[in-house]
Amino acid sequence: ENQLILDDGYTNDVRKLYLRELIARFGYHNNIIWNIGEENGPQQSYWPQGQNDQQRFAMIRYLKDHDPYQHPVLVHTYPGPHERDHIVKPLLKFDKFDGLSMQIGDMRDVHSTILRWILESEENSRPWIVLMDELGPYHTGSKADYEDPDHDEIRKNVLWGALMAGAAGVEWYFGWENPPNDLNAEDWRSRNNLWEQSKVAKDFFSQIEYTRMRSMDSLISLGDNYCFAVPDDTYVIYLKNGSSTKLNLEGQKGEFQVFWYNPRKGGPFLRTEIKRIQGGTWCNLGFPPKNRYKDWVVLVKKRVP
């Protein structure tokens, strides 16, 4: 939102100096991401002036050419497709650009939106990092624990929805009108339950080879759920409201083991009456071990003889 303050958006002497200062002061740290702009680009209804394509390209190029550590360069988006698509699409073919820091206005769109840009970047032979950055609407974001202690909907749609699409990570935006909000929060324990649930998800993914996996929702029979898989090896199924589903193992051979994981509380992998399934057909995975109509994760792993 301050994208035109330095050099009117161009990468001239003042902006170059600013970027060099950032690189010199912070570039040696691990896990740095250079984000070239908060809600970058014009937005006609409330921010009609912003950087254009060539200004973005110049800023990205300067960062990449001067950062000796080659940290990834991303851009933060507007919340809706009509606001961001014309800004994002030209970046698909720019070989120095690394991905998106997504703002998404409706949590129900998180999974499909992140998956869309991952796939489009792969089609352009430049796979992107895509982060879930800011959940909308702007006035709500992620509510404090006192107002939404369980965080069921954003856990299902945002945390697991993003990760099961292949997102590189999830950040929690506090919202303007939910005290403590994104501008005045000093005590991050206001969202403690979200941090706990985020750790539960991280604990799960640390136990599988997720970097080899990709979204394959069509492999499960029950709609509005997610499947993340390496075919003929590992399948992760997220059931947003529990119940059961079938997994398509047509064309696969051998035996697969079935485990269950609680995305609300974490803990060990659990087993049910269906402990093993055989490849070659659509396989019923059974029901969760308890609380069968709450969200659950199913891990299906090929058994090594």
Side-chain angles (χ1 to χ4, degrees), residues 1-42 47 49-78 84 87-104 114 117-118 120-122 124-135 141 159 162-163 165-174 182-186 188 191 195 198-199 201-202 205-206 210-211:
E1 294 166 348
N2 61 3
Q3 58 193 294
L4 300 183
I5 289 178
L6 303 181
D7 295 324
D8 198 30
Y10 291 95
T11 303
N12 293 333
D13 289 347
V14 177
R15 187 174 292 260
K16 287 177 180 179
L17 176 61
Y18 178 71
L19 296 179
R20 288 170 72 96
E21 289 271 355
L22 286 177
I23 293 167
R25 288 172 183 249
F26 305 111
Y28 67 92
H29 287 294
N30 292 325
N31 302 320
I32 290 290
I33 292 173
W34 302 122
N35 194 321
I36 69 164
E38 157 77 3
E39 296 182 343
N40 187 263
W47 202 256
Q49 295 179 320
Q51 283 185 310
N52 60 38
D53 290 341
Q54 296 308 314
Q55 290 172 325
R56 276 187 285 275
F57 294 160
M59 189 174 173
I60 294 164
R61 186 180 296 110
Y62 192 84
L63 277 165
K64 279 292 189 179
D65 288 349
H66 289 82
D67 175 14
Y69 304 97
Q70 290 298 288
H71 293 298
V73 178
L74 278 65
V75 67
H76 180 260
T77 73
Y78 283 106
R84 64 172 172 253
I87 295 171
V88 172
K89 281 187 175 182
L91 294 166
L92 283 166
K93 295 182 179 180
F94 190 48
D95 63 359
K96 293 183 181 294
F97 185 67
D98 298 306
L100 301 177
S101 175
M102 298 294 307
Q103 178 184 181
I104 299 176
I114 289 175
W117 290 112
I118 289 173
E120 287 204 26
S121 66
E122 289 175 350
N124 282 272
S125 301
R126 179 70 179 171
W128 278 355
I129 299 163
V130 182
L131 295 166
M132 179 57 217
D133 182 330
E134 180 177 340
L135 171 65
L159 178 59
L163 296 176
V170 178
E171 302 174 23
W172 296 117
Y173 162 71
F174 289 0
D182 73 316
L183 300 181
N184 65 17
E186 296 290 343
W188 282 34
R191 273 77 172 179
W195 314 134
S198 300
K199 182 180 183 299
K202 182 176 182 295
F205 281 96
S206 69
Y210 61 88
T211 58

Novice: In the structure I gave you, are the side-chain heavy atoms of V170 and L131 within less than 4.5 Å of one another anywhere?
Specialist: no

Novice: Keeping N35 on the side-chain end and H76 on the backbone end, is there a donor-acceptor pair under 3.5 Å?
Specialist: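 Yes; judged by distance alone, with no hydrogens or angles, the pair exists.
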
Novice: Output, in order, the C-alpha distance, side-chain angles, deciding distance and verdict of side chain to side chain contact (heavy atoms under 4.5 Å, CB included) for Q49 and L4.
Specialist: CA-CA 8 Å; Q49 295 179 320; L4 300 183; 3.8 Å; yes

Novice: Using 0.5 Å steps for rounding, measure from the CG atom of L19 to the CD1 atom of I60.
Specialist: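 Between atom CG of L19 and atom CD1 of I60 there are 11.5 Å.
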
Novice: Could you walk me through whether I129 and I33 satisfy the side chain to side chain contact (heavy atoms under 4.5 Å, CB included) test, starting with their C-alpha distance in whole Å, then the side-chain angles of each, then the deciding distance to 0.1 Å, before giving a yes or no?
Specialist: CA-CA 11 Å; I129 299 163; I33 292 173; 5.7 Å; no

Novice: Of all heavy-atom pairs between R15 and L6, which one has the smallest distance, and what is that distance?
Specialist: NH2-O, 3.0 Å

Novice: Looking only at heavy atoms, what is the nearest atom pair of S125 and P127, with distance?
Specialist: C-CD, 3.7 Å

Novice: Is the distance from the ring center of W34 to that of F26 below 6.0 Å?
Specialist: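 Here the rings of F26 and W34 have centres that are no less than 6.0 Å from each other.
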
Novice: Looking at F97, I'd like to know if the NZ or CZ of R126 sits under 6.0 Å from its six-membered ring centre while staying within 45 degrees of the ring's axis.
Specialist: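 Geometry flag: not set, cation outside 6.0 Å or 45°.
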
Novice: With a 3.5 Å distance limit and no angle check, can you tell me whether E134 reaches the backbone of Y173 through a side-chain donor-acceptor pair?
Specialist: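 Not at all, since once roles are kept as given, no pair shorter than 3.5 Å links the two residues.
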
Novice: Please say whether more than 12 non-hydrogen atoms of neighbouring residues, nucleotides or ligands are located less than 6.0 Å from OH in Y10.
Specialist: no

Novice: Would you find a donor on one side and an acceptor on the other, under 3.5 Å apart, between the side chain of E38 and the backbone of N2?
Specialist: no

Novice: What distance do R61 atom CZ and Q54 atom CD have between them, rounded to the nearest 0.5 Å?
Specialist: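 Result: 8.0 Å between the selected atoms.
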
Novice: Show the nearest heavy-atom pair for residues F174 and R191, with the distance to one decimal.
Specialist: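 Result for this residue pair: O-NH2, 3.1 Å.
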
Novice: Any chance CH2 of W195 has more than 12 other-residue heavy atoms, nucleotides or ligands included, within less than 6.0 Å?
Specialist: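 Yes, because the 6.0 Å sphere around CH2 of W195 holds more than 12 heavy atoms from other groups.
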
Novice: Determine whether Y62 and M59 make a side-chain contact, defined as any pair of heavy atoms from C-beta on separated by less than 4.5 Å.
Specialist: no

Novice: Is there a donor-acceptor contact under 3.5 Å from the side chain of N12 to the main chain of D7?
Specialist: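 Pair absent, no side-chain N/O of N12 close to backbone of D7.
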
Novice: For D13, look at atom CG and say whether over 12 heavy atoms of other residues, nucleotides or ligands are found less than 6.0 Å away.
Specialist: no

Novice: Nearest 0.5 Å, please: how far is CG in N31 from NE2 in H71?
Specialist: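 One finds 8.5 Å between NE2 of H71 and CG of N31.
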
Novice: Given the rule in the salt bridge (charged side-chain N to carboxylate O under 4.0 Å, His left out) test, do D65 and K96 qualify, once you have shown the distances and angles that lead to the verdict?
Specialist: CA-CA 9 Å; D65 288 349; K96 293 183 181 294; 3.4 Å; yes

Novice: Please report the C-alpha distance between T11 and K16 in whole Å, then the side-chain angles of each, then the deciding distance to 0.1 Å, and finally whether the side chain to side chain contact (heavy atoms under 4.5 Å, CB included) criterion is met.
Specialist: CA-CA 6 Å; T11 303; K16 287 177 180 179; 3.8 Å; yes

Novice: I'd like to check S121 versus L92 (side-chain heavy atoms, cut-off strictly below 4.5 Å). Are they in contact?
Specialist: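 In short, these two side chains touch, coming nearer than 4.5 Å.
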
Novice: Let's go through L159 and W172 carefully: what are the C-alpha distance in whole Å and the side-chain angles of both, what is the deciding distance for side chain to side chain contact (heavy atoms under 4.5 Å, CB included) to 0.1 Å, and is it a yes or a no?
Specialist: CA-CA 9 Å; L159 178 59; W172 296 117; 3.9 Å; yes

Novice: For the pair K64 and D98, find out whether any cationic side-chain nitrogen is under 4.0 Å from an anionic carboxylate oxygen.
Specialist: yes

Novice: What is the distance from atom CE of M132 to atom CG of L100, rounded to the nearest 0.5 Å?
Specialist: 12.0 Å

Novice: So how far is it from I32 CD1 to Q70 CD, rounded to the nearest 0.5 Å?
Specialist: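 It is 14.0 Å, given to the nearest 0.5 Å.
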
Novice: Could you grab the distance from atom CD1 of I104 to atom CG of D133, nearest 0.5 Å is fine?
Specialist: 10.0 Å

Novice: Tell me, do Y18 and E21 make a side-chain contact under 4.5 Å, heavy atoms counted?
Specialist: no

Novice: Would the distance check show the side chain of T77 and the main-chain N or O of M102 forming a donor-acceptor pair, the cut-off being under 3.5 Å?
Specialist: no

Novice: For L74 versus P72, what's the shortest heavy-atom pair and its separation?
Specialist: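 Smallest heavy-atom distance, with atoms named: CD1-CB, 3.9 Å.
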
Novice: Considering residues, nucleotides and ligands other than R20, do more than 12 of their heavy atoms fall under 6.0 Å from its CZ?
Specialist: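 Result for CZ/R20: open.
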
Novice: Looking at every non-hydrogen atom in both residues, tell me the closest pair between P68 and I23 and how far apart they are.
Specialist: CD-CG2, 3.9 Å

Novice: Going by heavy atoms in the side chains, are Y210 and L163 under 4.5 Å from each other?
Specialist: no

Novice: Where is the tightest heavy-atom contact between I118 and A165, given as atom of each residue plus distance?
Specialist: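 Heavy atoms of I118 and A165 come nearest at CD1-O, 3.3 Å.
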
Novice: Sub-3.5 Å donor-acceptor pair from the side chain of E39 to the main-chain atoms of Y78, do we have one?
Specialist: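 Side chain of E39 to backbone of Y78: no pair is present.
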
Novice: Does a side-chain heavy-atom distance below 4.5 Å link V88 with W117?
Specialist: yes

